Structures are given as structure tokens and as C-alpha cells.
Number of protein chains: 2
Amino acid sequence: MKNKNYKILLVDDEKDILEILRYNLEKEDYDVYTAKNGLEAIEKAKKVTPDLIIMDVMMPEMDGITACAEIRTIEELKNSTIVFLTARSEDYSQIAGLEAGGDDYISKPIKPKVFLSKVKSYQRKSKSELQDSQLLVHGSITIDPERYLVIIDGTEIILPRKEFKLLQLLAGKPSKVFTREEIFSKVWGNDVVVGDRTIDVHIRKIREKIGINVIRTVKGVGYTFEID
Amino acid sequence: MKNKNYKILLVDDEKDILEILRYNLEKEDYDVYTAKNGLEAIEKAKKVTPDLIIMDVMMPEMDGITACAEIRTIEELKNSTIVFLTARSEDYSQIAGLEAGGDDYISKPIKPKVFLSKVKSYQRKSKSELQDSQLLVHGSITIDPERYLVIIDGTEIILPRKEFKLLQLLAGKPSKVFTREEIFSKVWGNDVVVGDRTIDVHIRKIREKIGINVIRTVKGVGYTFEID
DNA sequence: ATAATATCTTAACCTTAAGTTAATCTACTA
DNA sequence: TAGTAGATTAACTTAAGGTTAAGATATTAT
């Protein structure tokens with residue numbers, strides 16, 4: 001159950017490899033899909049929007065690198081992790097793979113334990129998006145991402161994740177007006193669909209908690225961080 | 001198996017050297033990545049966050065020293081060890097390299113045995129940095145790594161290994177919020193696959209044993225050590 | 001070795017904070 | 001002054017951790 005809903009697309013022309021990887025992944029309850037060349041991979045990727053694509057470099061029809069570059073142009077797949085399978089020291093492929101937008105590569109021969117631990121680490125990595133850990137100080141308000149705290153005149157305020165990220169986003173560029181669009185994509189991510197009112201509610205909670213008036217509403221446009 | 005997941009990035013424009021080093025390292029089960037100039041090295045380093053970067057000084061496109069300086073500005077790579085390969089008594093390079101943020105240099109020609117023992121020592125060093133034997137005192141709680149003891153108001157408490165390391169990690173930087181990612185990699189190491197609940201259980205055991213409330217949960221983010 | 005013990009991990013279930021939505025209200029804007 | 005966008009509130013849903021106990025693994029002692 002634990003890894004259900006983490007979708008993995010395996011792409012390789014060798015049926016044996018596909019099967020052994022599938023076996024190992026399904027044992028860990030991952031959602032596994034397969035394709036046997038680059039073209040099929042693109043097709044399937046569009047359908048299932050996998051979180052992780054593990055793809056051989058050398059394949060008939062369309063090689064992994066071309067497929068990877070293609071996949072990277074698809075909006076819904078921007079956040080997918082793409083990993084290449086390469087024969088040991090297939091040096092050039094590795095480089096080309098990373099250049100085409102791959103995130104890592106795994107060298108054959110594949111050892112199940114190592115393979116699974118890598119998959120696990122990709123899974124965790126994608127969750128913990130790169131967050132800016134820059135300390136922001138504006139007048140009497142300090143935002144400390146490392147400690148996940150907002151400090152106002154020495155008083156430490158704890159904000160929940162979304163509220164914190166939202167405030168951090170706005171405070172990252174004071175006076176810039178962030179549209180709802182921008183806020184959604186930066187705080188919620190492109191793949192999540194939530195109603196418009198959700199942002200308002202979060203803004204309200206932030207205002208309530210930090211007391212001072214630092215978020216200004218720009219009607220019809222969005223919100224902006226301003227220290228009076 | 002032993003050295004799996006200690007990631008080493010080799011950077012050299014000579015394919016032969018790359019191959020011989022790779023061969024030796026892979027024999028010892030290290031995770032080896034390669035690049036053939038500074039630009040490529042930066043690219044790859046960003047993707048795979050190697051623990052150790054071994055880089056030639058003289059390379060086309062971008063030399064090792066420039067690349068090193070560049071890498072040192074990247075947050076995720078602050079903890080990577082960077083080592084230069086230099087032609088014997090290429091005196092100036094050595095100095096420049098260390099100034100640019102390199103940690104050591106290895107002179108060519110390379111002898112496999114010497115090379116491997118150096119790598120091994122870098123590996124130990126980076127580990128021991130995290131396994132600080134520094135006595136930590138915060139309010140009424142004292143953490144004594146030397147004796148593997150936690151002392152609270154004079155009462156000595158013995159914690160098992162994982163619990164101790166976890167507490168030590170958090171207490172090493174009070175108030176900093178450690179993500180699950182960080183905790184896994186620092187306490188369990190990247191080569192182990194354990195479920196998310198494992199951390200919770202260890203946190204619970206610690207809280208239970210030390211009684212006082214020093215670990216705060218930051219939902220959706222991680223845990224932090226705080227003395228009220 | 002083998003048994004005894006301690007530690008670690010997992011699975012299942014529980015709890016609660018965080019996030020979302022919907023309904024209603026208010027204030028701007030045209 | 002009607003229409004629209006946002007504010008507010010409370011109810012609802014969900015995801016993230018907490019808890020417990022049982023089952024694996026390691027470790028230590030015999």
C-alpha cells in the first residue's frame with residue numbers, strides 16, 4: 001500500500017529487464033507501467049503522467065535521449081523524474097542523457113537493492129522540492145526558512161506549510177504583485193487543482209497570525225508584500 | 001555493497017584516466033559518475049550531488065579551478081569534498097586549487113592503491129564530520145557522544161544507536177528544521193530503504209525516554225530540536 | 001555455534017492539524 | 001447601484017504524524 005500512487009514508467013526493449021524491474025517495483029507496491037521504445041514511452045507518459053520514468057538509452061524506434069528531450073517539452077511531465085539505464089561506461093550516453101533533461105542514470109548491470117534504494121530516493125527528492133532557505137528581513141518582519149519561523153518584533157510565529165510558503169513567496173520580492181496564477185504554481189504546484197477561494201483563506205490566515213498589515217490586495221490582479 | 005551510494009564524480013578530459021579510475025572505484029562498489037570538462041562537471045554535480053569530486057586541473061572548456069570555485073557556490077554541494085589531480089609538482093595549480101575551495105590534491109601519476117586509500121580517507125572524513133563527538137549542552141539536557149549518553153538534570157539516559165544519532169543530529173543545530181530527507185541521509189544513510197513511519201517511531205521513543213519536550217514536529221516539513 | 005536480549009522496522013489503526021470548500025457577507029468598481 | 005472580486009466564517013475532508021504491538025535483525029552472552 002505504502003508506495004501506491006507513485007507511478008513509474010519503465011522503458012526498455014529487453015523484455016527480461018522490464019520484467020525483473022517490474023517484479024521488484026511491484027513487490028514494493030509501486031504503480032508500474034512499461035513501454036518498449038521511445039515512441040511508446042511518450043505515448044504512455046502522456047496517458048499516465050508517471051512520477052518517475054526509467055528508460056534505457058539504446059532502443060529501436062526511438063532512443064531514450066530523443067524521447068527524454070521530447071518528454072521534457074510536455075507541460076504535465078515537467079515535474080517527472082527521468083532516469084537513464086546505461087551500460088557501464090557508456091560515457092557519452094550519460095552526458096547526453098543529462099543534457100537532454102535527464103535527472104540521473106543507473107548503470108547496468110542492475111542490482112535490485114541498489115535499484116530500489118535509488119527509486120526511493122527519487123521519490124523522496126521529488127516531494128521535498130527545492131526550497132529557498134534565504135533569510136528574509138523586511139522592517140520588523142523576519143522570515144527564517146531554516147527554522148520555519150516568522151519573527152515579528154522578536155515574537156516567533158509558527159505558520160503551517162502552505163501559509164509559510166505563500167508568505168515566503170510574496171516576501172521574496174516585495175512590491176511585486178503576484179497573480180493568483182503565479183501563486184498557485186509556486187506554492188501549490190502545477191499539478192494540483194484547487195479552488196480560487198483557497199488562496200484568499202490562506203492570505204487571511206497569514207494576516208490574522210502576523211497581525212501587521214504586510215499583504216496588500218490588488219483587486220483583479222493578485223497580492224503583494226509591502227512594508228509600510 | 002559496502003561503498004554503494006558514496007557518489008564520486010570523476011572529471012578529466014583524458015578518457016583513459018577516467019576509465020582506469022572508474023574501474024578501480026567500481027571494483028570497490030563506489031557509485032561513479034564522470035565528466036570530461038569543468039562545465040560538464042558542474043552540470044553533473046548539480047544533478048547527482050556527489051560526495052566526492054575528483055577533478056583534473058587542466059581541461060578544455062573550463063578548467064578545474066574555475067569549476068571548483070563555481071561548485072563551491074552551490075548550496076547542495078557545500079559538503080562535497082573536492083580533490084584535484086595535478087601533474088607532479090605543478091606547484092601553482094595545487095595552491096590555486098586549494099584557494100578555490102579544493103580540499104586536497106592527488107599528484108599524477110596515479111597509483112591505484114594510493115588512490116583508493118585516499119578516497120577511503122575522504123569518505124571517512126566526511127562521515128566523521130557529521131558524527132561529531134562534540135559534547136552538546138542545551139539547558140538541562142546534555143548529549144555526550146563520547147559516552148553515548150544523554151544526561152537530563154543529572155540523570156543518565158542510555159539511547160540506542162539510531163535514537164542517539166537522531167537526537168544528536170537535531171540537537172547539533174537547535175531550531176533548524178531537519179526534513180525527513182536530511183534525517184534519512186544523515187542518520188540512516190542513502191543506501192538504506194526504510195519507510196516513513198520509522199522516523200516517527202524513533203522520535204517517539206526519544207520523546208518517551210527523555211521526558212522533556214525538546215523535539216518539535218513541523219508538519220509537512222520535518223522535526224526540530226528546541227529548548228523552551 | 002546457539003540462545004537470549006536488545007534494537008530496529010513495519011503494519012495497522014488512531015488522532016489531529018492542515019488544507020479545502022461552500023455559503024454568506026462586504027467593499028470596490030464601472 | 002448592480003455586478004464582481006475578495007473577505008470571512010464555519011463545516012468538511014484529507015494528509016501527516018502518533019501510537020502500539022508484533023515481527024525482523026542485530027548484538028551480546030553463554
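Computed from a predicted structure; not experimentally measured. Per chain, numbering begins at 1; letters A, B, ... match sequence-line order.
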Whole-Å distance separating the [atom1] atom of [X] from the [atom2] atom of [N]:
{"X": "B/Arg197", "N": "D/dA15", "atom1": "CZ", "atom2": "P", "answer": "14 Å"}
{"X": "B/Ile215", "N": "D/dG18", "atom1": "CD1", "atom2": "P", "answer": "10 Å"}
{"X": "A/Leu159", "N": "C/dG19", "atom1": "CG", "atom2": "P", "answer": "10 Å"}
{"X": "A/Leu166", "N": "C/dG19", "atom1": "CG", "atom2": "P", "answer": "11 Å"}
{"X": "A/His202", "N": "D/dT9", "atom1": "NE2", "atom2": "P", "answer": "16 Å"}
{"X": "A/Tyr6", "N": "D/dA15", "atom1": "OH", "atom2": "C1'", "answer": "19 Å"}
{"X": "B/Lys162", "N": "C/dA6", "atom1": "NZ", "atom2": "P", "answer": "18 Å"}
{"X": "B/Leu167", "N": "C/dC8", "atom1": "CG", "atom2": "C1'", "answer": "17 Å"}

Indicate yes or no for a side-chain donor-acceptor contact from A/Arg207 to the backbone of A/Ile215 under 3.5 Å, with no hydrogens or angles considered. yes

Students often get this wrong, so: under 4.0 angstrom with heavy atoms, is A/Phe164 touching a base, only sugar-phosphate, or nothing? nothing

Would you please classify the geometry between the B/His202 ring and the B/Trp188 ring as parallel, tilted or perpendicular, with 30° and 60° separating the classes? perpendicular

Find the distance between CD1 (A/Ile53) and CG (A/Leu77) and round it off to the nearest 0.5 Å. 6.0 Å

Closest nucleotide of DNA chain D for B/Glu208 versus for B/Val218: which of these residues is on the 5' side? B/Val218

Residue whose nearest DNA chain C nucleotide is more 5′ - A/Val193 or B/Val201: B/Val201

If you find the nucleotide of DNA chain C closest to B/Thr198 and the one closest to A/Ile158, which residue's nucleotide is nearer the 5' end? B/Thr198

Kindly point out which of C/dT20, D/dG17, D/dA7 is positioned nearest to the side chain of A/Lys205? C/dT20

Side-chain atoms of B/Lys219 come closest, of C/dG19, C/dT16, C/dT10, to C/dT16

Distance test, side-chain N/O of [X] to OP1/OP2 of [N], below 4.0 Å:
{"X": "B/Tyr223", "N": "D/dG18", "answer": "yes"}
{"X": "A/Arg161", "N": "C/dA17", "answer": "no"}
{"X": "B/Arg180", "N": "D/dG17", "answer": "yes"}
{"X": "A/Thr217", "N": "D/dA7", "answer": "yes"}
{"X": "B/Trp188", "N": "C/dC8", "answer": "no"}

N-O pairing of A/Lys36 and A/Glu14 below 4.0 Å: no

Do the charged groups of A/Glu43 and A/Lys47 touch, with an N to O distance under 4.0 Å? no

